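Just so you know, these numbers use all the heavy atoms, side chains as well, and skip hydrogens, waters and symmetry mates. Note that this is a predicted model, so its numbers are computed, not measured. Order of the sequence lines sets the chain letters (A, B, ...), proteins ahead of strands, with each chain counted from 1.
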Number of protein chains: 2
Amino acid sequence: MSRPTIAAVARAAGVSVASVSRVLNGLPATEEMAERVQRAVAELGYVPDSRARSLKVGRTFQLTLAVADVGNPVYVTMMRAVEEVVSAAGYRLVVTTTGPDVVDEVALVRGMARGYADGLVISPLRVDDDLIKSIQECDVPVVVAGNVPARAGVDTVRANSPKGMLLAVEHLLTTQRHKVAFVNGPVDTVPGTARSKGFTDAMKANSLNPVAQVEADDFTFAAGREAGRRLLDQLGLETTQPSAEGARAPGGEASSPSSFPAAGGGGIDAVIAANDLLAVGVMHELAARGLRVPDDVAVIGMDDSELAEQSFPPLTSVNLGSAERGRRAAELLLARIEDDTRTPRRIVVQPSLSVRRSS
Amino acid sequence: MSRPTIAAVARAAGVSVASVSRVLNGLPATEEMAERVQRAVAELGYVPDSRARSLKVGRTFQLTLAVADVGNPVYVTMMRAVEEVVSAAGYRLVVTTTGPDVVDEVALVRGMARGYADGLVISPLRVDDDLIKSIQECDVPVVVAGNVPARAGVDTVRANSPKGMLLAVEHLLTTQRHKVAFVNGPVDTVPGTARSKGFTDAMKANSLNPVAQVEADDFTFAAGREAGRRLLDQLGLETTQPSAEGARAPGGEASSPSSFPAAGGGGIDAVIAANDLLAVGVMHELAARGLRVPDDVAVIGMDDSELAEQSFPPLTSVNLGSAERGRRAAELLLARIEDDTRTPRRIVVQPSLSVRRSS
DNA sequence: TTGAAAGCGCTAACAC
DNA sequence: GTGTTAGCGCTTTCAA
């Protein structure tokens, strides 16, 4: 038995389809009419087809959130925030994953023309002219949670990475750390570029020279660990442990009661990582080499995701406002759906530092 | 300027809409016809409306995956597996979050009647008769990644928690741990129930008595930490550290060269947690009380999610086959979409143990 | 207030 | 091989 249609309901209620539609949409009708329709609806278990409806009204009341990697906890925070805003506005949120390639992002945006949703929040890892063009030409409103050139003329809400980097570097200085290394993600990504420049500027602003810099292949834990390996190799820090079994904890007891940097960091006393996953990967590699966090090396991540509290030791992390970015992005999208003529806004969310035990 | 329709393309190409449709769907047409249509499509940037299409053909070529909590890393693994299978089959996957309440799950399943997708994979946290009923009556195929009664007659693929618990307990015995505590999630959930029974049986089978058992409010890190707090309070283990600053690492250096349990666990030498998030929460609480993992207390999680490798020390975890469950669930769904008359299958995925440093 | 009917954009008979 | 047309399920004029 197939799904009942509005016609079936009309027949069962002995009224016209128009009346059923009206009752269902809360338009004026007599008490009795409403009653009869409701009964028929309940009896048949009728549920309106959203495709047919949206074909007619031109809206789906669905919104899409596209992220590159569901495994990145920063997106969890963002998803939650977006979900909250859009569901309060009566929209359904669906999440899709694009993967790391810009071509897939472009395909996703182009695909929106198929009418899947009334709007899109996209947090692109990589941006090129094709992507910008696809966003500009998109049939539904798009807001970018990330950084695209102002001339693109699209709504964006982005983090302030340079400011965030400044917070990180200044925190390190305050805690007497001067020999800092930087583990970035792929520099051909939007966040990778921003972090790179931010780090360089922040160091310069504090008259510091980076001791070392490496670039991970990806914004993932595995890539972070691998990058940490390269970093420490580069610094001439061989693995000190005879076996994995005996590897020391990153948060092992301090060798001295104070929290001043101990020797043994092999030329560095701090690492800043471009996100939390990378930071945790680096901490694992430090531990594998017998280096303690924060005693030998302080570690700072970025994003202040759930992983930062879950990691051990808990990770000091630059809060780039992912929840607020999600919220603002959702609000921007809703506003643009409401009024497509408003001039594009570019919102920048300010960072803060969540100091935990890794620094 | 609004989106071009198939009629606009037909006009531009000087052919009929039927011909455009045919070319677009790869049906026989002359070289020249194909050419003209393709050109017009490219010129206008035409993209077919999937709503109109699916209204006509009765299929959306979208599949939905519904999970309770995007923040739980086990779902990340599952999502990836499902995505892989369905996209290979030419379907688009959309993910939605239900939250922890069964009523929202029911609403989700009922809502599928609106025609959002051709099928649903749902991993319900809580199951009641309403939910089962909604699944049975659902207009589109549903496969449950989790446990529902056999009499429900729905396709399911589930984990073997009891077997997994057995692996965990036996591993502890092998490593000379006998005083084990259990940190479960809410027992009114599907996994909570399964883990509870599994743990009890596994202990009994090995002639072991649980030293303590606590139930977390949720399958989250925060709830795990809180449950750990209650557990250790219950065992009379006061916080030994004067300040948070000096808390010891869970993976601190062993006090003896062997890996035999040291004293200091306050009546326990092992904790099994119902999932990885809970396990990590417990590890944090252990650390806060100066207890070392695994030296004082071994910790075993379940799910073997990405978090298990990311945690420190890396978490021994029961692999409940979330990737395979995702894969099989997706395959089951595809098969049922293909043939709705096949008898429901109930697949059980066997667990394995991923031994890491926490035990 | 209610009903009849047009039409959203597409596909699939059916006729040529 | 191609064009005409009915109709998927719904909403919304327009008349009554």
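Every pair tested for salt bridge (Lys or Arg N to Asp or Glu O under 4.0 Å) that includes a residue from residues 140-152 of chain B fails, sequence neighbours excluded, so the list is empty. Among pairs with a residue in residues 29-45 of chain B, those fulfilling salt bridge (Lys or Arg N to Asp or Glu O under 4.0 Å) read B:E32-B:R36, B:E35-B:R39, at least two apart in sequence or across chains. Counting only residues at least two apart or in different chains, ring-ring contact (aromatic ring centres under 6.0 Å, His included) contacts with residues 125-159 of chain A are absent. Listed by first and then second residue, the ring-ring contact (aromatic ring centres under 6.0 Å, His included) pairs involving residues 116-145 of chain A amount to none (not counting sequence neighbours). Applying the salt bridge (Lys or Arg N to Asp or Glu O under 4.0 Å) test to every pair with at least one member in residues 93-104 of chain B, sequence neighbours left out, gives no pairs at all.
Partners of A:T60 by side chain to side chain contact (heavy atoms under 4.5 Å, CB included), not counting sequence neighbours, listed by chain and number: A:S54, A:Q62, A:A117, A:D118, B:R51. Applying the side-chain hydrogen bond (donor to acceptor under 3.5 Å, both in side chains) test to A:T341 and every residue at least two apart in sequence or in another chain returns A:D339. For the side chain to side chain contact (heavy atoms under 4.5 Å, CB included) test, residues two or more places apart in sequence or in another chain that qualify with B:R80 are A:D69, B:V76, B:E306. Every residue meeting the ring pair (Phe, Tyr, Trp, His ring centres under 6.0 Å) condition with B:Y91, not counting sequence neighbours, appears here in chain and number order: B:F61.
Per the geometry, CG belonging to A:N25 stands 16 Å off C1' belonging to C:dT1, to the nearest Å. Here C:dT2 presents its P atom at 12 Å from CG of A:L27, a figure rounded to the nearest Å. Taking atom CG of residue B:L44 and atom C1' of nucleotide C:dG9, one finds them 15 Å apart after rounding to whole Å. In this structure, A:I6 atom CD1 and C:dA6 atom C1' are separated by 15 Å, rounded to whole Å.
Across all strands, B:A29 comes closer than 4.0 Å only to sugar-phosphate atoms, never to a base (heavy-atom distances). Within the 4.0 angstrom heavy-atom criterion, only backbone atoms of the sugar-phosphate kind lie near B:T5; the bases stay farther away.
Within 3.5 Å, no donor on the side chain of A:R114 pairs with an acceptor on the base of C:dG9, nor the reverse.
Only A:L55, A:K56, listed by number, bring a heavy atom of residues 47-62 of chain A to less than 4.0 angstrom from any atom of DNA chain C.
B:S21 has no side-chain polar atom (N or O) that falls below the 4.0 Å cut-off from OP1 or OP2 of C:dA12.
A salt bridge links A:R336 with A:D155; the closest basic N to acidic carboxylate O contact falls under 4.0 Å.
Close approach of DNA chain D to chain B, defined as any atom under 4.0 Å from a non-hydrogen atom of the protein, starts and stops at D:dG1 to D:dG9.
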message: Run the salt bridge (charged side-chain N to carboxylate O under 4.0 Å, His left out) test on B:D49 and B:R3 for me, step by step, so that the C-alpha distance in whole Å, both residues' side-chain angles and the decisive distance to 0.1 Å come before the verdict.
response: CA-CA 9 Å; B:D49 186 315; B:R3 306 169 40 182; 3.7 Å; yes

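Between its opening and closing five pairs, the helix from C:dT1-D:dA16 to C:dC16-D:dG1 changes axis direction by 40°, a value rounded to 10 degrees.
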